[in-house]
2 protein chains.
Amino acid sequence: MANFKEVNKENSIFLYEQIKLGIRDMIEREEIKKGDRLPIEKELCDQFNASRITVRRAVKELESEGIIEVIHGKGTFVKGLRRPIHILDLKGFTEGLSSSENHFTKEVIRKEIITADEFLMEKFNRDSPFEVVKLVRVIKDDHDVFSVDFAYLPYDVYPNILPKIEDNVSTFRIIHDDYGVKFKNAKKDIEVSLPTMEISKLFDISNSDPVIKVNKVINDNNDIPVHYSEYYLLGSRVSFYIDVDVEDE
Amino acid sequence: MANFKEVNKENSIFLYEQIKLGIRDMIEREEIKKGDRLPIEKELCDQFNASRITVRRAVKELESEGIIEVIHGKGTFVKGLRRPIHILDLKGFTEGLSSSENHFTKEVIRKEIITADEFLMEKFNRDSPFEVVKLVRVIKDDHDVFSVDFAYLPYDVYPNILPKIEDNVSTFRIIHDDYGVKFKNAKKDIEVSLPTMEISKLFDISNSDPVIKVNKVINDNNDIPVHYSEYYLLGSRVSFYIDVDVEDE
DNA sequence: AGCTATTTGTCCGTATGTATT
DNA sequence: GAATACATACGGACAAATAGC
């Protein structure tokens with residue numbers, strides 16, 4: 001039987017917070033794994049020595065965090081913990097994720113050459129139209145869509161790149177190895193919103209599941225933009241972290 | 001009358017995307033201001049020379065971005081653009097926001113001394129209980145709650161700090177000026193989720209409005225944690241940005 | 001309480017272009 | 001090439017919510 005952290009009634013923390021910690025702890029230690037069903041509410045009540053109301057509150061809050069999913073009539077299932085992403089690991093996409101526990105697959109769902117519109121002209125800091133390779137890719141984590149990526153590469157910087165782009169290859173490696181382009185700096189914008197229809201379909205989520213949209217422009221050694229991308233992450237599946245040195249005189 | 005960007009039918013971009021840009025542009029240039037009502041759907045159709053379905057799609061997507069709000073029977077209203085926050089401006093709360101256009105009010109809604117539980121003991125890197133000042137504050141932006149902040153300050157580091165904490169004062173200034181504590185570095189964790197009941201009440205939002213939760217530990221010059229806070233931001237009201245230097249050998 | 005006008009919400013059918021089979 | 005499906009886009013009709021009288 002599942003071995004939950006013991007709950008202490010004398011503790012000042014609310015009981016439902018303690019239950020949340022207990023369940024989260026189980027998932028962190030992989031005593032319950034992704035896809036597994038949690039014990040039914042009755043069992044949770046017994047294990048935590050709490051009422052059904054209290055257990056349900058804990059479960060509901062964990063669901064709103066996105067780490068478990070309650071399916072009416074079926075049970076409560078573990079969706080998995082958030083993947084920590086370092087904000088400064090601005091390389092890719094999969095690159096920012098630790099490669100050891102990497103059961104990701106990268107899938108190219110569209111690649112085409114388009115003419116830059118005003119929006120892209122501004123992003124690439126150019127004032128006349130030019131050709132751009134547009135890529136749409138999804139990254140899956142065990143069959144679940146983890147990220148959707150719209151990337152734009154100026155064709156004059158990367159001639160004949162199209163055939164090189166395949167499933168499960170890193171565009172950054174191609175850019176670096178085949179074209180000798182070196183990245184100097186990047187500017188990122190991160191915002192949170194509800195998904196558009198297009199995005200909710202690609203992720204196969206409901207339109208009330210928050211998504212994180214990251215816009216990124218990468219400049220080369222001459223401060224010329226050589227990569228623009230917009231990628232989406234499932235809000236419930238990631239967390240960002242960063243260490244900051246404070247200049248406090 | 002509102003002067004929208006012209007829409008070009010020959011353009012390759014979808015009509016609804018062009019309408020989105022047109023409306024967003026109006027808001028960015030402050031031709032329609034926060035709280036104002038947008039032209040009714042019929043007028044938008046005329047101005048963009050599009051059908052109601054197309055206009056409605058544009059409006060709906062802008063609503064899911066959070067910059068406008070559609071109210072049945074009343075109209076569509078501008079909620080305002082996102083406030084850009086620099087990820088490294090990890091000081092406060094209001095500190096990170098440009099002070100020029102700052103109609104923020106900071107309100108202390110709870111201040112008390114509690115005994116640290118296991119969770120706080122871990123955050124402050126101590127192994128025995130100690131007293132902590134717990135603060136709950138809200139920041140309002142023109143009467144709308146913009147941020148909710150739970151801050152924890154070890155009482156032994158800041159003796160008798162409680163009376164100093166008032167509405168619209170910066171705790172960072174107190175810490176720095178009155179206690180001489182200098183910040184060396186901070187660790188931030190950012191995640192996105194749907195609000196718990198408590199948070200949705202404080203923000204006065206529905207439980208399907210995404211919120212951003214930031215956990216921050218600040219260390220002093222001796223690498224001792226001297227400030228821990230959890231604060232929430234409305235996902236639809238902020239964007240984060242950062243410039244990164246890439247070490248690309 | 002009506003009543004009416006305004007405005008958004010939902011649904012219908014249709015046409016067109018683009019993929020996919 | 002034909003058949004199918006899908007997304008964009010148009011026009012119309014009615015329902016539902018809001019506000020003012």
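Proteins get letters first, then strands, A, B, ... in listed order; numbering begins at 1 in each.
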Exercise. Is B:K60 near enough to C:dG9 that one of its side-chain N or O atoms lies under 4.0 angstrom from OP1 or OP2?
Worked result: no

Exercise. Between D:dA9 atom P and B:I53 atom CD1, what is the distance in whole Å?
Worked result: 11 Å

For this session: Remember a base hit wins even if backbone is also touched, and classify A:R110 as base, sugar-phosphate or nothing at under 4.0 Å, heavy atoms.
Result: nothing

Problem set entry | From D:dA17, D:dA19, D:dA9, nucleotide with atom closest to B:H72 side chain | D:dA17

Exercise. Looking at the rings of A:F203 and A:Y232, which for Trp means the six-membered one, are their centres under 6.0 Å apart?
Worked result: no

Seminar exercise, completed: Rounded to whole Å, CD of B:E41 lies from C1' of D:dA17 at a distance of 13 Å

Exercise. Are B:K74 and C:dT8 close enough that a side-chain N or O sits under 4.0 Å from OP1 or OP2?
Worked result: no

Seminar exercise, completed: Atom CD of B:E69 and atom P of C:dG9 are separated, to the nearest Å, by 11 Å

Problem set entry | Spacing of B:L15 atom CG relative to C:dG17 atom P, expressed in whole Å | 15 Å

For this session: Answer yes or no: are there more than 12 heavy-atom neighbours, outside A:R37 itself, under 6.0 Å from its atom CZ?
Result: no

Exercise. B:R52 near the nucleic acid: base, sugar-phosphate alone, or nothing, with a heavy-atom cut-off under 4.0 Å?
Worked result: base

Problem set entry | Residue B:T54, side-chain heavy atoms: nucleotide from D:dA9, D:dA7, C:dT8 that is nearest | D:dA9

Problem set entry | Short side-chain N/O contact to D:dA9 OP1/OP2 from B:R57, under 4.0 Å | no

Seminar exercise, completed: Judged by nearest nucleotide, the residue sitting upstream toward the 5' end of DNA chain C, B:T76 or A:E112, is B:T76

Exercise. Would you say the ring centroid of A:F124 lies under 6.0 angstrom from that of A:Y152?
Worked result: no

For this session: Taking all non-hydrogen atoms of both residues into account, name the closest pair between B:F146 and B:D141 and its distance.
Result: CB-CB, 4.0 Å

For this session: For D:dT8, take OP1 and OP2 only and decide whether either is under 4.0 Å from a side-chain N or O of B:Y16.
Result: yes

For this session: Take the protein atom CZ of B:F14 and the nucleotide atom C1' of D:dC10, then report the distance between them rounded to whole Å.
Result: 16 Å

Exercise. What integer distance in Å separates B:F77:CZ from D:dA19:P?
Worked result: 9 Å

Exercise. At under 4.0 Å between heavy atoms, what does B:I40 touch on the DNA or RNA strands: base, sugar-phosphate, or nothing?
Worked result: sugar-phosphate

For this session: For D:dA9, take OP1 and OP2 only and decide whether either is under 4.0 Å from a side-chain N or O of B:S51.
Result: no

Exercise. Atom CZ of B:R56 and atom P of D:dT8: how far apart are they, to the nearest Å?
Worked result: 16 Å

Seminar exercise, completed: To the nearest angstrom, the NZ-C1' distance between B:K42 and C:dG9 comes to 18 Å

For this session: May I ask you to check whether A:F172 and A:F183 place their ring centres under 6.0 Å from each other?
Result: yes

